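These figures come from a predicted structure and were not determined experimentally. Letters go in sequence order (proteins before strands), and every chain restarts at 1.
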2 protein chains.
Amino acid sequence: MHNDYDHAIGPIGSECCDSRYDAQVSEVSSPQTAGAGAPRGRIDKRHAILGAAFTVFAREGYGQACVRVIAAEAGVAKPTVYNHLGDKENLFRHAMEAAGARALTASLAVVAELRAEGATADDAAALSATLEDVGYRLLLCSCDERSWALRRLLYAEVGKFPELLDSVWGHGTHRVQEALADRFARLTLAGRLHTADPAQAAEQFFALLTGPMEARSRLGTRPVSDAEAREVARAAVRTFLRAFGPGPDETA
Amino acid sequence: MHNDYDHAIGPIGSECCDSRYDAQVSEVSSPQTAGAGAPRGRIDKRHAILGAAFTVFAREGYGQACVRVIAAEAGVAKPTVYNHLGDKENLFRHAMEAAGARALTASLAVVAELRAEGATADDAAALSATLEDVGYRLLLCSCDERSWALRRLLYAEVGKFPELLDSVWGHGTHRVQEALADRFARLTLAGRLHTADPAQAAEQFFALLTGPMEARSRLGTRPVSDAEAREVARAAVRTFLRAFGPGPDETA
DNA sequence: CCAGAACTGAACCACCCGGTTCAATTCAGT
DNA sequence: ACTGAATTGAACCGGGTGGTTCAGTTCTGG
């Protein structure tokens with residue numbers, strides 16, 4: 001009868017669902033009957049479902065994951081899942097988009113820090129330290145378990161869900177690299193960097209960070225130590241600054 | 001009754017299967033009844049099955065792919081598939097390993113070219129051109145459709161098949177980067193490069209190549225033009241040489 | 001306090017998949 | 001030409017899946 005779900009039937013107050021469920025989706029409950037028999041509220045079932053869906057999809061893959069398990073993980077009956085999101089495909093899409101948005105905001109926050117810190121220090125050593133710190137925190141974001149799971153699922157199902165490439169991945173990396181390129185451009189104008197093409201520099205900075213990490217963390221299946229992450233960030237920044245740091249202005 | 005397949009029952013001459021089926025697995029046939037009614041021979045059914053399995057797995061993912069389709073794609077009856085490889089999991093494993101071996105040999109051949117060409121030219125421009133060419137060809141390998149499919153499947157099923165990480169991916173990238181590091185070490189000894197840590201330099205060289213390509217080719221779903229691949233290789237080599245090329249020997 | 005919406009649990013359905021069995025057929029080695 | 005192995009097609013089985021239905025319960029808004 002009804003074809004378009006997502007907020008067509010309007011099961012709960014789901015139209016205002018722009019509020020990203022921040023950390024864990026299983027404990028925030030409407031401030032009534034708090035701590036009583038019912039462990040969770042009524043209005044955030046949707047968040048619980050999306051979170052559980054991502055967890056299960058990440059653990060078992062889209063094809064192998066079954067909705068019953070997702071419902072169980074969310075502490076919810078199976079019809080409730082279908083009532084909220086109507087379809088396994090839609091469920092997957094929304095779970096991925098939510099996870100992507102969360103990962104994006106984390107990375108953007110790190111790059112935003114570069115704006116703040118980068119303005120304070122002035123000498124070359126300070127710039128190097130700042131870049132290293134930003135790189136390290138960017139690596140922490142990128143090496144988060146949920147982040148790896150997101151990338152794996154994206155890789156896996158890009159054939160069946162091509163639109164997720166844009167809505168989850170493309171926009172994200174583009175915006176992060178754009179913000180990075182903005183900072184590099186300003187640093188170049190200030191004479192502290194020599195990036196003829198800031199966008200390309202940002203692209204390569206990102207590659208120098210995440211590329212080595214992919215191998216070292218075994219595609220995200222092995223937790224990477226803080227020391228190793230810092231070492232990768234240090235190496236990346238060293239190479240980056242040798243190539244783009246202050247020096248001969250041979251802007252090709 | 002029987003638990004260990006693969007060459008336990010010995011259906012055909014499969015023990016000698018170390019010969020990698022080179023290009024396409026669907027046309028080589030024993031030199032008899034060539035071109036007649038039966039389109040393929042009898043002895044290379046296994047290759048056909050493995051090739052078809054990889055094709056179907058790449059197209060639909062491990063979970064969604066069903067053996068019937070694989071058998072159809074291979075032009076073979078379903079029991080034949082089970083007779084040869086016994087299990088969907090084993091089928092997947094072997095298809096992945098075969099594809100991984102093929103991709104590895106291609107990349108290794110490219111790096112081997114660096115050994116030959118790198119010895120001839122002497123000036124800096126020639127080194128740059130050689131590195132660009134090697135990078136470009138490495139990118140071509142890495143951007144091959146089957147290569148992307150292999151990486152996607154690896155990413156996707158690394159949770160269910162952790163051993164594939166080593167047998168398909170780890171060994172491959174390690175060997176390529178090792179070969180690259182060897183070349184860099186020799187070039188450093190010859191005074192034409194300054195790589196304090198050749199392994200790390202190779203790691204970053206690889207990252208500068210493949211990282212930007214990941215975004216530009218949309219995770220391998222969009223064919224990348226030769227011009228763009230060449231541009232990425234050029235940019236990577238330029239950055240790499242600025243960082244590690246002849247200049248101040250500030251080996252940290 | 002009550003009407004109505006959301007939620008639950010369980011059963012149910014049709015479908016498809018992995019894997020097996022089997023008789024009939026085709027091929028390879030000699 | 002003949003024997004035995006490989007292959008085929010088709011049917012079959014058990015089980016799990018996506019998705020629905022429904023009666024009954026729990027909560028929410030007013």
A.B. asks: Would you list the atom pairs, donor with acceptor, under 3.5 Å between side chains in residues 170-179 of chain B and any protein atom, with sequence neighbours excluded?
C.D. replies:
residue: B:Thr173; atom: OG1; partner: B:Trp169; partner atom: O; Å: 3.3
residue: B:Thr173; atom: OG1; partner: B:Gly170; partner atom: O; Å: 3.3

A.B. asks: Near DNA chain D, counting only heavy atoms under 4.0 Å, which residues of residues 57-71 of chain A show up?
C.D. replies: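 Nucleic-acid contacts, sorted: A:Ala65, A:Cys66, A:Val67, A:Arg68.
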A.B. asks: For B:Glu89, enumerate each residue passing the side chain to side chain donor-acceptor pair (under 3.5 Å) test, keeping only those at least two apart in sequence or located in another chain.
C.D. replies: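 For B:Glu89 the side chain to side chain donor-acceptor pair (under 3.5 Å) partners, ignoring immediate neighbours, are B:Arg93.
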A.B. asks: Report the distance from atom CZ of A:Arg46 to atom C1' of C:dC7, rounded to the nearest whole Å.
C.D. replies: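 Taking CZ of A:Arg46 and C1' of C:dC7, I get 16 Å after rounding.
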A.B. asks: Round to a whole Å and report the spacing from CG of B:Asp87 to P of C:dG18.
C.D. replies: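 So the two atoms are 11 Å apart, to the nearest Å.
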A.B. asks: B:Tyr82 has an atom OH; how far is it from atom C1' of C:dT20, in whole Å?
C.D. replies: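 My rounded result for the distance is 10 Å.
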A.B. asks: What pairs with B:Ser147 under side chain to side chain donor-acceptor pair (under 3.5 Å), at least two apart in sequence or on another chain?
C.D. replies: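 Result, side chain to side chain donor-acceptor pair (under 3.5 Å) vs B:Ser147: B:Arg151.
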A.B. asks: For a quick test of your reading: what N or O donor-acceptor pairs under 3.5 Å do the side chains of residues 55-67 of chain A make, sequence neighbours left out?
C.D. replies:
residue: A:Thr55; atom: OG1; partner: A:Gly51; partner atom: O; Å: 3.0
residue: A:Arg59; atom: NH2; partner: A:Glu73; partner atom: OE1; Å: 3.1

A.B. asks: So, using salt bridge (charged side-chain N to carboxylate O under 4.0 Å, His left out) as the criterion, who are the partners of A:Glu203 when residues are at least two apart?
C.D. replies: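 For A:Glu203 the salt bridge (charged side-chain N to carboxylate O under 4.0 Å, His left out) partners, ignoring immediate neighbours, are B:Arg216.
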A.B. asks: Check nucleotides 8-14 of chain D for protein N or O atoms closer than 3.5 Å to its own N or O atoms and list the pairs.
C.D. replies:
residue: D:dT8; atom: OP2; partner: B:Ala77; partner atom: N; Å: 3.1
residue: D:dT8; atom: OP2; partner: B:Thr80; partner atom: OG1; Å: 2.5

A.B. asks: Return all side-chain donor-acceptor pairs below 3.5 angstrom for residues 223-231 of chain B, not counting sequence neighbours, or 'none' if the list is empty.
C.D. replies:
residue: B:Ser225; atom: OG; partner: B:Glu228; partner atom: N; Å: 3.1
residue: B:Asp226; atom: OD2; partner: B:Tyr136; partner atom: OH; Å: 2.7

A.B. asks: Would you check, one step at a time, whether the test side-chain contact (heavy atoms from CB on, under 4.5 Å) holds for B:Val110 with B:Cys141?
C.D. replies: CA-CA 9 Å; B:Val110 169; B:Cys141 293; 3.9 Å; yes
A.B. asks: In whole Å, what is the span from the CG atom of A:Asp44 to the P atom of D:dC27?
C.D. replies: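 Spelled out: CG on A:Asp44 to P on D:dC27 is 14 Å.
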A.B. asks: Only counting residues at least two apart or in another chain, list the ones meeting side chain to side chain contact (heavy atoms under 4.5 Å, CB included) with A:Val158.
C.D. replies: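 For A:Val158, the residues satisfying side chain to side chain contact (heavy atoms under 4.5 Å, CB included) (neighbours in sequence not counted) are A:Leu165, B:Arg152, B:Thr221.
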A.B. asks: Would one find a side-chain N or O of B:His84 under 4.0 angstrom from OP1 or OP2 of D:dA6?
C.D. replies: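 No, no such contact exists.
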A.B. asks: Please tell me if B:Asn83 has a side-chain N or O lying less than 4.0 Å from either OP1 or OP2 of D:dA6.
C.D. replies: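 Looking at the OP1 and OP2 atoms of D:dA6, neither is under 4.0 Å from any side-chain N or O of B:Asn83.
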